[in-house]
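This report concerns only the one structure given below.
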Amino acid sequence: MKAEHYVGGVFRSDGPAFPLIAPVDGSEAGAVPEATREVVDDAVAAARDALDGGWGMGDAEDRAAALRRIADGIEARFEEFVDAEVADTGKPRALASTVDIPRAVGNFRAYADLLYGRPERAYTTQIPGWSTGTGQALNYTVRRPLGVVAIISPWNLPLLLLTWKVAPALAAGNAVVAKPSEETPSTATLLAQVIDQAGLPRGAFNLVHGHGAGAAGEFLTGHPGVDAIAFTGESATGTAIMRNAADHVTPVSFELGGKNPALVFADADLDAAVDGTVRSSFTHSGQICLCTERVYVERPVFDEFVARLGERARALDDYGPMISAEHRDKVLSYYRLAREEGATVVAGGGAPTFGDERDGGFHVEPTVLTGLPETARTVREEIFGPVCHVAPFDSEEEALALANDSPYGLASTVWTRDLSRAHRVAPRIETGIVWVNCWNLRDLRTPFGGVKASGIGREGGEYSLDFFSEPVNVCIQI
């Protein structure tokens, strides 16, 4: 499909075009317009006009109805969204149709529901005797939108993560300027079409395409007319955005990288732990920020676990490519580095050969490694591919020390049948999310985000609405 900007309620293709490459076979799938600084200026101005026109302080019921119309619009074009998501990312169709697109629909409906009955605190305050009146005051809180919000979303879950931010931003009454990854523009363009049909005021949602540094992303995050920035992506990019935001003291919400650990205790259901680790390490070819790249297994079951995980990895055949040739080369460079650092390659470790058009694409093998020290770069640096390193541990304290020895802190997984251990260990793991005997089981109302280099703030439910709105205290002397 044709990627277009959407600015002030108008579709346009300003700016030089760059090719869109299909990761499955490396073919050119289309062209994408690169937003100039002028396009970004127009989008921010259109968003400001929408706020001034009443969108921001309008009725919450009207905003909720608009979100539901957007959800209905995505659902009505469900297969188009699936086709676009698969074409841009190369992920299996089964994944896009059961996770990415349904979650996008769910995001808009969830935030429409959250707008109703949201409580705010009120306090009756006793005031000094010198005051006139009854000696009391009523303090209560109202919320107003932050204003123009810049949303930067990544290529791995293009629609899911875009709507994860757009839905609460619009629910809170903000006007949005969104920039999807240059690698995956198609579902964002479809979303703009749905929003256009949903009847939001012109400028309430705007979409610009383009690259990051020195281009649309930088123009947007450094724009003086932007009141807040929400970003999901690499930690290094988050650092650059924060520098831009600092010039205007712009609030930021960041969900960044991860080098996520899994702890497998000897008392775990080993079938479930192996199945869960296959999912957590290799889903979408490891291109999910929540994927497990470090697996620590209690020594009595270490050899069996490694053998079974390697067997399962070698048997995988329904997995997608890396998003680009550049990213494929990065992952393969880590496979070479692992060997140089002394790793034992249990499974994978290279690029597959298919004997068809896929050989022109960006595929790598699901890979299981063992034998590296914790100081190895392969163990410490985020690879973002279908790979995990498995190492043994001998005690609960050692397992915790290994899990926490990382500059990242996004998500972790614990596999154990011991309920007391689960409650003991989970709060001590330095990650924003801990799953016990499961992985990526999400309730949209719960806080989502990381610690250390994995992010700033929390998303999900009221946590997102809190970020995208400003509390104002009203004090009335009675």
Evaluate the side-chain proximity of [Y] to [X]: yes if any heavy-atom separation is below 4.5 Å, no if none is.
| X | Y | value |
| --- | --- | --- |
| S235 | Y408 | yes |
| L200 | I70 | yes |
| Y111 | S464 | yes |
| H284 | V99 | no |

Least distance between heavy atoms, [X] atom then [Y] atom:
| X | Y | value |
| --- | --- | --- |
| C291 | T283 | SG-O, 3.8 Å |
| N440 | L290 | OD1-CD1, 3.3 Å |
| N437 | T416 | ND2-O, 2.8 Å |
| H223 | D41 | NE2-OD1, 2.9 Å |
| S324 | E183 | CB-OE2, 4.1 Å |
| R294 | K259 | NE-O, 2.9 Å |

Would one find more than 12 heavy atoms of other residues, nucleotides or ligands at under 6.0 Å from atom [atom1] of [X]?
| X | atom1 | answer |
| --- | --- | --- |
| E218 | CD | yes |
| R243 | CZ | no |
| R380 | CZ | yes |
| R144 | CZ | no |
| Y463 | OH | no |
| R442 | CZ | yes |

Suppose we screen for ring-ring contact (aromatic ring centres under 6.0 Å, His included). Which residues come up paired with Y140, at least two apart in sequence or across chains? none
Gap separating the CD1 atom of I323 from the CG atom of N156, nearest 0.5 angstrom: 8.5 Å
For E120 and T141, does a side-chain donor sit closer than 3.5 Å to a side-chain acceptor? no
Donor-acceptor side-chain pairing of T232 and K165 below 3.5 angstrom: yes
On the 0 to 90° scale, with breaks at 30° and 60°, tag the F11-Y6 ring pair as parallel, tilted or perpendicular. tilted
Determine whether H327 and Q287 satisfy the following criterion, side chain to side chain contact (heavy atoms under 4.5 Å, CB included), listing intermediate values before the conclusion. CA-CA 10 Å; H327 191 54; Q287 297 173 111; 3.5 Å; yes
Ring centers of F282, W439 separated by less than 6.0 Å: no
Apply the test side-chain hydrogen bond (donor to acceptor under 3.5 Å, both in side chains) to residues T124 and Q136: give CA-CA distance (whole Å), side-chain angles for both, the deciding distance (0.1 Å), then the verdict. CA-CA 7 Å; T124 300; Q136 291 184 325; 5.9 Å; no
Under a 4.0 Å N-O cut-off, is there an ion pair linking [X] with [Y]?
| X | Y | result |
| --- | --- | --- |
| E79 | R93 | yes |
| R109 | D72 | yes |
| R77 | D83 | no |

